[in-house]
Amino acid sequence: MRTDRRLRVVLAEDSVLLREGLIGLLGRCGHDVVAAVGDAPALLAAVGEHTPDIVLTDVRMPPGFQDEGLHAAVRLRETRPALPILVLSQYVQRAYASELLDSGDGTGVGYLLKERVGKVAEFVDALCEVADGGTVVDPEVVRQLLRRRRDPLARLTAREREVLALMAEGKSNGAIARHLVVSDAAVGKHIGSILGKLDLPPAEATHRRVLAVLAYLRA
């Protein structure tokens, strides 16, 4: 476990039990939690007051329990590009994860799932690595970000892309069949293949159709 220097940490975690546990853990490892807060506004204020060596923050915090902590981290990196930040999360919040990892000059940033805290030595090593300007990313975060950045339409054939484009125009199966001069059954088969290749969740057929069109528009 790395203990080469004593870090001044601002901690943001709304769960009192986890917050106190992290304070104790970091203290035993030779680091100082100079402020421990439970919401995003308090995190921003604490960083301004204490100028820490590193910020350790949760993703979900009051008042909305959505992505307040991660959004605050991105804001901090906008105003303090060199501020090391390590995010802990119960799950991968992709909306801001990629933005956080791209913030500043791309150094001194990390995103770990909370389950990694149980491996104390690895967790503290990650904290020190980020504080020293390194980048630490949970393997699951990498997997999900890569999946997001992949072109969702790459698996479709040229004909399937054509069918999807016509779906995006609001055409019915029959209208698509007439446009392509094929049978209704052929169109249905193409649409079934499209929905399968886009890995859309099971849902009512019309809803899956809408999701497919959204994937097309976002690509």
Side-chain angles (χ1 to χ4, degrees), residues 40 57-61 63-79 81 85-107 109-116 135-219:
T57 182
D58 187 14
V59 169
R60 288 187 171 185
M61 288 192 292
F65 293 96
Q66 297 297 319
D67 52 20
E68 290 83 357
L70 189 50
H71 184 55
V74 172
R75 287 179 58 191
L76 286 169
R77 292 279 288 187
E78 289 173 350
T79 57
I85 295 179
L86 177 59
V87 169
L88 290 178
S89 180
Q90 195 70 38
Y91 68 108
V92 180
Q93 171 55 274
R94 294 183 298 183
Y96 284 105
S98 57
E99 189 174 347
L100 174 67
L101 296 174
D102 290 337
S103 64
D105 59 2
T107 64
V109 64
Y111 195 124
L112 293 178
L113 296 183
K114 285 184 176 179
E115 62 191 54
R116 309 298 175 190
T135 301
V136 177
V137 185
D138 196 286
E140 178 63 16
V141 176
V142 173
R143 188 186 70 79
Q144 292 204 29
L145 290 180
L146 287 175
R147 182 179 180 184
R148 183 190 186 197
R149 290 177 178 177
R150 242 183 355 244
D151 180 0
L153 308 184
R155 298 168 63 190
L156 303 185
T157 66
R159 175 62 88 179
E160 288 167 350
R161 285 171 177 259
E162 192 174 7
V163 170
L164 184 53
L166 292 170
M167 289 169 60
E169 294 177 11
K171 295 186 184 299
S172 66
N173 286 19
I176 294 172
R178 289 189 294 274
H179 182 88
L180 298 177
V181 194
V182 297
S183 67
D184 287 2
V187 172
K189 184 176 180 180
H190 284 312
I191 291 176
S193 179
I194 291 167
L195 297 178
K197 288 181 179 180
L198 292 180
D199 296 323
L200 296 176
E204 191 270 323
T206 302
H207 182 56
R208 294 185 81 204
R209 212 179 154 100
V210 171
L211 292 176
V213 169
L214 288 175
Y216 171 77
L217 295 176
R218 289 169 179 159

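Quick caveat, the model's predicted, so the values are computed rather than measured.
Here CG of L70 is found 13.0 Å from CZ of R75. Values are rounded to the nearest 0.5 Å. A distance of 11.5 Å separates CZ in R178 from CG in L180, rounded to the nearest 0.5 Å. Taking CG of L166 as the start and CG of N173 as the end, the distance is 11.0 Å to the nearest 0.5 Å. With values rounded to the nearest 0.5 angstrom, L164 atom CG is found 12.5 Å from H190 atom NE2. Taken from CD in Q66 to CZ in R60, the straight-line distance is 6.0 Å, to the nearest 0.5 Å.
Salt-bridge formation is detected for the pair E162/R159: a Lys NZ or Arg NE/NH1/NH2 atom is positioned less than 4.0 Å from an Asp or Glu carboxylate oxygen.
Under the 4.5 Å side-chain criterion, counting only non-hydrogen atoms from C-beta, M167 is in contact with I176. When side chains are defined from C-beta on, T57 does not count as touching L76, because their heavy atoms never get closer than 4.5 Å. Side chains of E160 and K197 form a contact here, defined as non-hydrogen atoms less than 4.5 Å apart.
For S172, the side chain to side chain contact (heavy atoms under 4.5 Å, CB included) partners at least two apart in sequence or on another chain are A175.
Nearest heavy-atom pair across S89 and D58 is CA-OD1, 4.2 Å. Contact detail for D184 and A177: the closest heavy-atom pair is OD1-CB, 3.2 Å.
With a 6.0 Å radius and a threshold of 12 heavy atoms from other residues, nucleotides or ligands, Q90 has its CD atom at or below the threshold.
A donor-acceptor pair under 3.5 Å links the side-chain atoms of D138 to the main chain of L113, judged by distance alone.
Of the options V137, V136, L100, a side-chain contact (heavy atoms from CB on, under 4.5 Å) to V109 is made by L100 and by none of the others.
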